[in-house]
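In this text the structure is predicted, and so the values were computed from the model without any measurement.
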Amino acid sequence: MDHGLFGPGSVTWRVMGEPILFVGGFRALLMQGLHPRAMRGVAQNSALMDPAEAWSRFLRTTEFVRVRTYGTSAEVARAGARVRRIHSRLTAFDPDTGERFRLDDPEALRWVHVGEVDSYLSVARRAGVRLTDEEADRFVAEWRRAAEVVGLRPEDVPGSVGEIRDYIQGCRPGLYFAPEAPHPLRQSLNVPLPARLLPLKPVLPMLAVLSFATLPRWARRLYGVPATPVGDLWATATLKALHAGIGLVPAQVRYGPDARRARQVMGGHAA
């Protein structure tokens, strides 16, 4: 059977279905926002505060993550081709250099990829998802396949937790939050949602605060928000409590359809 990029023996399938990884997705967007070109590429090519555009973009991103994680090889190939085609056609202006750049700029894509992998892994481990150091390295290595989907060469992205740490450390001098971009914390107070989802609106600022708290302290400082060891402890304790609470929900409700199917396949694979 064609299981796409990962499959039942992967750490990715075991980790990515956990609902707490929703926080990891928000954290990944915050990491992306600290790379000036990555942020400007998004800000200059989408109406971030247009309700119709913001929601449709969120749905497209969510669907891409779903297909990339659980789709067949053919589905992943189609989704990747579509993303690469869009990125190759769009450009943005970099006021730091006075240049226009394409959205498939490798450095920006690499930072987005690393921020995503680091965010999922960091949130999962702090929330209490059981992962040995070896499994964490395997998770990072597996995601090299995902990097290829968006146009990067697998060997050009980190393949272990240590390589991710070194890569992020090397990028830090060039990172900052572009002043012309809307601040995510302010945006969370007035997220444009479709009418049917308006009851969720009060939850989003709390989710944003938690996502900010899961960032490294240096990243929080770049956003101009408090960054203390107490915040680190609060974030970890909150993630653990949420993950434990969600774990009390029956599996048929707790997991989405793709994650439930993956768990069934993994059960059969283990047997």
Polar side-chain atom of Gln169 near backbone of Arg165 as donor-acceptor pair, under 3.5 Å: no
Side chains of Tyr70 and Phe6: does their closest heavy-atom pair fall under 4.5 Å? no
Is there a donor-acceptor pair closer than 3.5 Å between any side-chain N or O of Arg145 and the backbone N or O of Leu5? yes
If we ignore hydrogens and angles and just use 3.5 Å, is the side chain of Glu142 paired with the main-chain N or O of Thr12 as donor and acceptor? yes
Find the distance between OG (Ser160) and CD (Glu134) and round it off to the nearest 0.5 Å. 12.5 Å
Run the side chain to side chain contact (heavy atoms under 4.5 Å, CB included) check on Gln32 and Val42 step by step: do they pass? CA-CA 10 Å; Gln32 175 181 340; Val42 172; 3.1 Å; yes
For the student: nearest non-hydrogen atoms of Ala124 and Val15, plus distance: CB-CG1, 3.9 Å
Quick one: closest heavy-atom pair of Gly71 and Val76, and the distance? O-CG2, 3.9 Å
Do the side chains of Val23 and Val225 join up, straight or via other hydrophobic residues, at under 4.5 Å, putting them in one cluster? yes
Single-linkage hydrophobic cluster, 4.5 Å side-chain cutoff, Leu21 and Leu207 together: yes
Contacts of Asp166 that satisfy salt bridge (charged side-chain N to carboxylate O under 4.0 Å, His left out) - sequence neighbours left out: none
Closer than 3.5 angstrom, by distance alone: can the side chain of Arg254 be matched with the main-chain N or O of Val249 as a donor-acceptor pair? yes
Residues in salt bridge (charged side-chain N to carboxylate O under 4.0 Å, His left out) with Glu148, at least two apart? none
Could you work out, with ring-ring contact (aromatic ring centres under 6.0 Å, His included) as the rule, every residue matching Phe22, not counting sequence neighbours? Phe26
Not counting sequence neighbours, list each pair that qualifies as a salt bridge (charged side-chain N to carboxylate O under 4.0 Å, His left out) and has a residue in residues 5-25. Arg14-Glu135
Can you tell me which residue pairs pass the ring pair (Phe, Tyr, Trp, His ring centres under 6.0 Å) test with a partner in residues 217-258, sequence neighbours excluded? Phe177-Tyr223, His183-Tyr223, Phe212-Tyr223
To the closest 0.5 Å, what do you measure between CG (Leu242) and CG (Leu210)? 6.5 Å
Could you tell me the separation between the CD1 atom of Ile168 and the CZ atom of Arg172, rounded to the nearest 0.5 Å? 10.0 Å
I need the Asn45 CG to His87 NE2 distance, nearest 0.5 Å. 9.0 Å
What's the verdict on side chain to side chain contact (heavy atoms under 4.5 Å, CB included) for Val161 and Asp118, showing C-alpha distance, side-chain angles and the deciding distance? CA-CA 8 Å; Val161 173; Asp118 180 67; over 6 Å; no
Only counting residues at least two apart or in another chain, list the ones meeting salt bridge (charged side-chain N to carboxylate O under 4.0 Å, His left out) with Arg40. Asp94, Asp96, Glu180
Ignoring hydrogens, what is the shortest heavy-atom contact between Ile20 and Ile246? Give both atom names and the distance. N-CD1, 4.5 Å
Test: ring pair (Phe, Tyr, Trp, His ring centres under 6.0 Å). Region: residues 119-138. Which pairs qualify, not counting sequence neighbours? Tyr120-Trp143
What pairs with Glu107 under side-chain hydrogen bond (donor to acceptor under 3.5 Å, both in side chains), at least two apart in sequence or on another chain? Arg110
Any chance you could lay out the side chain to side chain contact (heavy atoms under 4.5 Å, CB included) test for Val157 and Ile164, step after step, and finish with the verdict? CA-CA 8 Å; Val157 299; Ile164 278 188; over 6 Å; no
Could you walk me through whether Arg126 and Thr236 satisfy the side chain to side chain donor-acceptor pair (under 3.5 Å) test, starting with their C-alpha distance in whole Å, then the side-chain angles of each, then the deciding distance to 0.1 Å, before giving a yes or no? CA-CA 6 Å; Arg126 292 173 72 178; Thr236 300; 3.0 Å; yes
Are the side chains of Leu152 and His113 in contact, using a 4.5 Å heavy-atom criterion? yes
Where do Leu215 and Leu34 land on the side chain to side chain contact (heavy atoms under 4.5 Å, CB included) test, with the steps shown first? CA-CA 11 Å; Leu215 290 171; Leu34 292 177; 5.5 Å; no
Minimal heavy-atom distance between Leu103 and Gly41, with the atoms involved, is CD2-O, 3.7 Å
Sidechain N-carboxylate O distance under 4.0 Å for Asp258, Arg66: yes
Take a 6.0 Å sphere around CZ of Arg100 and say whether it holds more than 12 heavy atoms from other residues, nucleotides or ligands. yes
Report the residues that fulfil salt bridge (charged side-chain N to carboxylate O under 4.0 Å, His left out) with Asp105, sequence neighbours left out, ordered by chain and then residue number. Arg37
According to ring-ring contact (aromatic ring centres under 6.0 Å, His included), who are the partners of His3, at least two apart in sequence or on a separate chain? Trp13
Please check: side-chain N/O of Glu99 versus main-chain N/O of Phe93, any donor-acceptor pairing under 3.5 Å? no
If you group Ile, Leu, Val, Met, Phe, Trp and Tyr by side-chain heavy-atom gaps below 4.5 Å, do Met39 and Leu29 land in one group? no
Which atom pair, heavy atoms only, marks the closest approach of Met266 to Pro8? CG-O, 3.5 Å
If hydrophobic clusters are built by linking Ile, Leu, Val, Met, Phe, Trp and Tyr wherever their side-chain heavy atoms come under 4.5 Å apart, do Leu204 and Leu185 end up in the same one? yes
Val112 and Ala38: which non-hydrogen atoms are nearest, and at how many Å? CG2-CB, 4.0 Å
From Glu75 atom CD to Asp2 atom CG, the distance as rounded to the nearest 0.5 Å: 8.5 Å
Does anything in residues 203-216 pair up under salt bridge (charged side-chain N to carboxylate O under 4.0 Å, His left out), and if so which pairs, sequence neighbours excluded? none
Donor + acceptor pair across side chains of Arg27, Ser211 (<3.5 Å): no
Partner residues of Arg217 under the side-chain hydrogen bond (donor to acceptor under 3.5 Å, both in side chains) criterion, sequence neighbours left out: Asp232
Reported CG-to-CG distance for the pair Leu90 and Asp104, which is rounded to 0.5 angstrom: 9.5 Å
